[in-house]
Protein chains: 2
Amino acid sequence: MATPAKRPTIRQIAEETDLSVTAVSYALRGERMSAATIERVQAKAAELGYVADPVARALRGGRTGTVGLLVGSLADFWQQTLAHAIQRELRSHGLHTLLADADGDPDEELVLAQRLAAQRVDGLIVAPVGPAGGSWVEIAAHLPTVTVAGQLAGAEVVGEVAFDQTTGVGEVLRHLHALGHERIAVLSWAVGASPDRPSERAVREQAAILGLQCEIVPCAYSLDGSRPLALEVLSREDRPTAIFCLSDSIAYGVLHGCRELGLRVPEDISIVGFDDHPLSRLVDPPLTSVNWSVDRAARSAVGFLVDHLAGQADERRIVIAPTLAVRASSGPVT
Amino acid sequence: MATPAKRPTIRQIAEETDLSVTAVSYALRGERMSAATIERVQAKAAELGYVADPVARALRGGRTGTVGLLVGSLADFWQQTLAHAIQRELRSHGLHTLLADADGDPDEELVLAQRLAAQRVDGLIVAPVGPAGGSWVEIAAHLPTVTVAGQLAGAEVVGEVAFDQTTGVGEVLRHLHALGHERIAVLSWAVGASPDRPSERAVREQAAILGLQCEIVPCAYSLDGSRPLALEVLSREDRPTAIFCLSDSIAYGVLHGCRELGLRVPEDISIVGFDDHPLSRLVDPPLTSVNWSVDRAARSAVGFLVDHLAGQADERRIVIAPTLAVRASSGPVT
DNA sequence: GACGAAATGTGAAACGATAAACTGAACCGT
DNA sequence: ACGGTTCAGTTTATCGTTTCACATTTCGTC
């Protein structure tokens, strides 16, 4: 902690090359100055190990080379995977990541978005937890924003990676219906103010079509959040014959609960997840789940943002199609 | 993207209150000015929704309220968990997190550390991937640094959360030894320049003591990284009777490989992990692993840093003791 | 009622980089 | 030889905040 780290500054280079600060600034970027000067400056910069100060640059208002990544909850395994994939993809484009975790709280999400904007990120990639409040409209109006796996109603985004919830949910419910299930509990990740989340809406629609009796139960993300809830649902008199979890993380907690209660899966109860985390094929029993290509989502999201930053103004949108991965956790009603 | 977001500035408050910028700056922090002025200024600030610009503040040299979190590889499930825990803990202290992922590359790790320093983080929490290079000494000398689960040789840190590798590894090897295993493959997360990683050293030491034949195989972190390697090891003529993976993520890949080859675990081969990810008890078969309390590690790491920032100068250190969680993936040699 | 010390406030410089506007000089064609 | 470009720089202002040094006013005290 001794001396406060003296990184070389542009001024130092200026002094040592007998040029003005401005000249150095231009030369470093290879603009305007004569070839000889540019060479001389860059040599000196290399010699001193100069790296432009991102903070100063940000204050002045230029590009920062940093993108904000805002996820709904890092407690969710799948979102961890997504965050990693996006982060890695951003880096392959030479962009840095400022990751923020709303931890399931829509209000916190907004605060964090504003904080990221204040940090002068060049753009924002959001996997929203809640529906858009009014402030989102404003944020997205000023900061190129791409949404992944969720909408920000009303906000004008530069790209959108949507997941076809209707089809995904539909496939699950048809699968369960075909296996003879009729009473299904749906564990949805709970957040205060989101009465009309697409996935839940899809559940109601599809359930109505198939004539299924679906009860939607709000649930916390984490393992420790869903397990107690699962215990409650599973202990009921008229236990459902299947549980459909709108996130694999939730499903894991339910599996855990089943194990504690001595319930066999899928003989006593079928369990289906959503998002298909890489470990879902390894758990016991392997979890039936809806797979969306994380890599494709990450690539698209980053691609949209990068394109926009490169000046391509048109809004982009991709809808990622689901694949139902049927594994051993779902079986016929017995 | 229209107008470049006009957040209210300190100057705006100054104008509307007929005070100097300086006065407002002081008043906002409740210093110097008269009570009346302070009140007036803060009221105006609240009215305008003023929030201090972190970038400007950082440039000037003050606290930024942001901590850099540098993890060796977010591809590793356990490190995802750790990152989340630390992030959450930091937030409970009102600190923001700037997360960077070295993706297994020690050089990248250094670059990122410097980048974080340039972003003026108040401190750094590092789960290092490689051993310290010389630059780390310099970085840590200028920036309060806490290490978690790894050392930065030579660097003077303000806190250290160490994991007792020797005991952890010892317990595993004794466990396997007691089960009759003698030829053990150890899959270690590979990184270029780390010939003397503590865990590997511990393996060699303990293996010597117990008279075990341990081969250390370097391995990538991810599922996709360890699976092919596992296939190779498992297909050998003189296949080891047990595989000890120095990370649960690696173990998952190995489990996957066993399944593909039709090997039964633990009848045909025993598998042990390291770190005990929450899902390890749910995979098939449940994975024997070495548990360290993530929460305790996160709390300690953040606590050390916060204490230091609060002026407590003494260096802190905690050694987290392992607990061997014996589950079904390890069994006697048959 | 004069004197020093608080209390309260102001202006200017600084943090590091960038952009707009300006200054000479060299160079062009006519 | 003259006005107009272009080149290669320099000056100056700016981003939003903090802090140092200084200028007033107020106050208690002898």
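What you see is a predicted model; the values in this text were computed from it and never measured. Reminder, nothing fancy here: chain letters follow the sequence lines and each chain counts from 1. In what follows, every heavy atom counts, from backbone to side chain, and hydrogens, waters and symmetry copies are set aside.
Partners of Gln312(A) under the side-chain contact (heavy atoms from CB on, under 4.5 Å) rule, at least two apart in sequence or in another chain, are Asp307(A), Asp314(A), Arg316(A). When the side-chain contact (heavy atoms from CB on, under 4.5 Å) test is applied to Ala162(B), the partners found at least two apart in sequence or on another chain are Gln151(B), Glu160(B), Arg317(B), Val319(B).
The pair Glu89(A)-Arg299(A) does not count as a salt bridge, with every side-chain nitrogen at least 4.0 angstrom from each carboxylate oxygen. Using a 4.0 Å cut-off between charged nitrogen and carboxylate oxygen, Asp103(A) and Arg91(B) count as a salt-bridge pair. Between Asp53(B) and Arg60(B), no side-chain nitrogen of the basic residue sits less than 4.0 Å from a carboxylate oxygen of the acidic one, so the salt-bridge criterion is not met.
The rotation axes computed at either terminus of the helix from dG1(C)-dC30(D) to dT30(C)-dA1(D) lie 40° apart, taking five pairs at each end and rounding to 10 degrees.
Atom CZ in Arg32(A) sits roughly 13 Å away from atom P in dC22(C) (whole-Å rounding). Spacing between atom CG of Asp18(A) and atom P of dG9(D) amounts to 12 Å, rounded to whole angstrom units. A straight line from CE of Met33(B) to C1' of dT25(D) spans 14 Å, rounded to a whole angstrom. Atoms CD1 (Ile38(B)) and C1' (dA7(C)) sit 12 Å apart, rounded to a whole Å.
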Once each nucleotide of nucleotides 13-18 of chain D is scored for protein heavy atoms under 4.0 Å, what B/S/- sequence comes out, 5' to 3'? -BBBBB
Report all interatomic pairs (protein N or O, nucleotide N or O of nucleotides 23-27 of chain C) with separations under 3.5 Å.
none

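Between the side chain of Glu108(A) and the backbone N or O of Ala102(A) there is no donor-acceptor pair closer than 3.5 Å.
One finds the CD atom of Gln87(A) at 10.0 Å from the NE2 atom of His96(A) (value rounded to the nearest 0.5 Å). Note that the CG atom of Leu152(A) and the CG atom of Leu124(A) stand 9.0 Å from one another [nearest 0.5 Å].
Taking every heavy atom of both residues into account, Ala52(A) and Arg57(A) meet most closely at CB-NH2, 3.4 Å.
Evaluation of the ring-ring contact (aromatic ring centres under 6.0 Å, His included) test over residues 31-87 of chain B, restricted to residues two or more places apart or in two chains, returns His277(A)-Phe77(B), Phe77(B)-Tyr252(B), Phe77(B)-His277(B), Trp78(B)-Phe163(B).
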